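Residue numbers start from 1 in every chain, and the chains themselves are labelled A, B, ... in the order their sequence lines are given, proteins ahead of strands. Note that the structure is predicted; figures quoted are calculated from it, not measured.
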Amino acid sequence: MIDIEQVRKVANLARLDLTTEEETQFTTQLNSILDYVEQLSGLDTADVQPTTRAIEVSNITRRDRLETFSDREAIFKNAPDQEGDYFKVPKILDNNG
Amino acid sequence: MTAAAPAKTQYEAVIGLETHCQLSTETKIFSASSTVFGADPNTHIDPVVMGMPGVLPVLNQQVLEYAVKAGLALNCEIAPYSKFDRKQYFYPDLPKNYQISQFDLPIAEHGSLEIELVDKKTKAVTRKRIGITRLHMEEDAGKLVHGGSTLSGSTYSLVDFNRAGVPLIEIVSEPDLRSGQEAAEYAQELRRIVRYLGVSDGNMQEGSLRCDVNISVRPVGREQFGTKVEIKNMNSFSAIQKAIEYEIERQIAAVEAGEPIYQETRLWEEGNQRTISMRLKEGSSDYRYFPEPDLPPIEVSVEQREAWRAALPELPAQKRHRYETDMGLSAYDARVLADDRTIAEYFDATVGVGADPKLAANWITQDIAAYLNNEKLTIDQIGLKPEMLAEMVQLISKSTINNKVGKEMLPELLTQGGSPAAIVEAQGLSQISDPEQIAAIIDEVLAANPDELAKYRAGKKKLQGFFVGQIMKLTNGRVDPKLTNQLLLPKLNAEP
């Protein structure tokens, strides 16, 4: 079970601005999702390795070979603002840990 | 009877380091953009670095190899199964709003490295093992450039993402360090190791090696740790040492005064030689880690791991031990030689072709080192090759020439190289060791300086040095110095 305080905390961490109605609504919805997933707890997983991947594949790597991306301007076009060669963002005080 | 004054409380510091080390790959950890330092802003970016929708990161295989090699060099266990995770936080230098890092299954864990501490006064060396908690791979973030003329006056920031996605290894030590000196030595040994391995340039000024310090103090004997403070912003080894020494004093003073120590991040101010509070830490941060779905796990087979282990060079600590134990060098010489891999390999090559280790070490750590320093050269850039130095050292060992002649030959050898034996032959520099020949030279010098001789015999014994100097001058320094002194004294002291 998660309560409304946990929903507020997660919303804050994800920088989501929720209305009071949404907080209640998401608490109900999240609990219903968690209840559904909770069915898995009925299984005996004592001999099962934790899953870290959806498909059986590992060690996909690339060679250390330089390939300069040719369309830098396309990336700048996706940014809200720029100044010269820099991306421009509102000044943010460092508040992460 | 007066009561004994209460014993002053002794404190000890408990210190751990988190070191970020930039790997010397050509391209980024998950994409093919360049990692070169100092390029124009935002020229090394691409859709993967910037987290554009639909892109797929792919691990640079060189990053994995470098990380495993660093882990092996730090005596770590290499994880047979490892994965990447997303560490989520919001800051404008992080284009995706998460950093791809490793959380619960790092590539390497449970290692150690050995540091050597030299007592400043006695020069005595003590060794200490520092535990390595873990080593993991992750991507670097971009850099913020603050707009406006002053930091506080600016209303916006400018971002350069060239550094975003540059491969890092983060190495976390156990809280085994107890002083600024130990921490600085740990950081230096770490840099020696990554440089020996060739996995990083370890350049602190360019940020290739960044150390964050965690530090607390507690009364000696207490198990429980004090409140931990993090210090950042040291960009030299001496800054690490000084920041820690400052912080230890600050924390002890606070405890003694009954003031609280806050769990916080403090910045080292190099100009003011102090730490200042940057921000308080409220509990542990909630990064909401989860497995990175776009990157499949990494499995390192035993064969692969052992192949990489076999490719490791002899490491600095191994070299120091060998130089001291097998070659009988002083701890000091061993440290100086092993500090830099090219110097150590030059020394090894010199000894390998038959030079006396102690003599070779002296030449390398003194005259050659001074030359390299003055000329801003590395040892592989000079004319004097290891076999030439070995030849010269052997000429000295066999008393064909003396040390002084060796020093005179050195400038030419350093710039142009050549065969020391051939130079000795061509310029007639070989040592004069025939007692009769030396005696004749002494007689000549005594006869040419009657006044000084009289003064000497009248008691001014210091003039012996004058006569030695005259003999050296006359022979261009070629006489055997020991034999010369042996023969000179009786002649000086002889009754006129």
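- The greatest number of non-hydrogen atom pairs below 4.5 Å with chain A, out of B:Asn60, B:Ile45, B:Asp46, is found for B:Asn60.
- In this structure, a donor-acceptor pair under 3.5 Å is present between the side chains of B:Thr27 and A:Arg62.
- Of the two parts of B:Ser31, only the backbone, made up of N, CA, C and O, holds a non-hydrogen atom closer than 4.5 Å to a non-hydrogen atom of chain A.
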inquiry  = Before you tell me yes or no, could you show the steps for A:Tyr86 and B:Asp160 under side chain to side chain contact (heavy atoms under 4.5 Å, CB included), namely the whole-Å CA-CA distance, both residues' side-chain angles and the distance that decides it to 0.1 Å?
reply    = CA-CA 6 Å; A:Tyr86 290 97; B:Asp160 173 9; 3.8 Å; yes
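- Residue B:Phe290: no heavy atom, backbone or side chain, is found under 4.5 Å from chain A.
- Taking NE2 of B:His44 as the reference point, atom CZ of A:Arg72 lies at 10.0 Å (rounded to 0.5 Å).
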task = Evaluate the criterion side chain to side chain contact (heavy atoms under 4.5 Å, CB included) for residue pair B:Leu59 and A:Ile60; output intermediate values, then yes/no.
result = CA-CA 7 Å; B:Leu59 178 63; A:Ile60 304 296; over 6 Å; no
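- Using a 4.0 Å cut-off between charged side-chain N and carboxylate O, B:Asp286 and A:Lys9 make a salt bridge.
- Note that CZ of A:Phe87 is 5.0 Å distant from CG of B:Asn42, once rounded to the nearest 0.5 Å.
- No other option in B:Gln88, B:Met52, B:Glu292 has as many heavy-atom pairs under 4.5 Å with chain A as B:Met52.
- The candidate with the highest count of non-hydrogen atom pairs below 4.5 Å against chain A, out of B:Pro291, B:Pro47, B:Pro293, B:Gly142, is B:Pro47.
- The two residues B:Pro296 and A:Ser58 make their nearest non-hydrogen contact at CB-CA, 3.9 Å.
- The nearest pair of heavy atoms linking B:Pro92 to A:Val89 is CB-CG2, 3.7 Å.
- Taking CG from A:Leu66 and OG1 from B:Thr25, the interatomic distance works out to 10.5 Å, rounded to the nearest 0.5 Å.
- Of all the heavy atoms in A:Asn59 and B:Glu299, the pair that sits closest is OD1-N, 2.6 Å.
- Side-chain atoms of B:Arg288 come within 3.5 Å of backbone atoms of A:Leu13 as a donor-acceptor pair (strictly under, hydrogens ignored).
- The shortest distance between side-chain heavy atoms of A:Asp64 and B:Gln61 does not fall below 4.5 Å.
- For a heavy-atom cut-off of 4.5 Å, chain B lies close to A:Ile75, A:Phe76, A:Asn78, A:Glu83 in residues 74-84 of chain A.
- Looking at B:Leu56, neither its backbone nor its side chain comes within 4.5 Å of chain A, counting heavy atoms on both sides.
- Expressed to the nearest 0.5 Å, how far CZ of A:Arg15 lies from CZ of B:Phe90 amounts to 5.5 Å.
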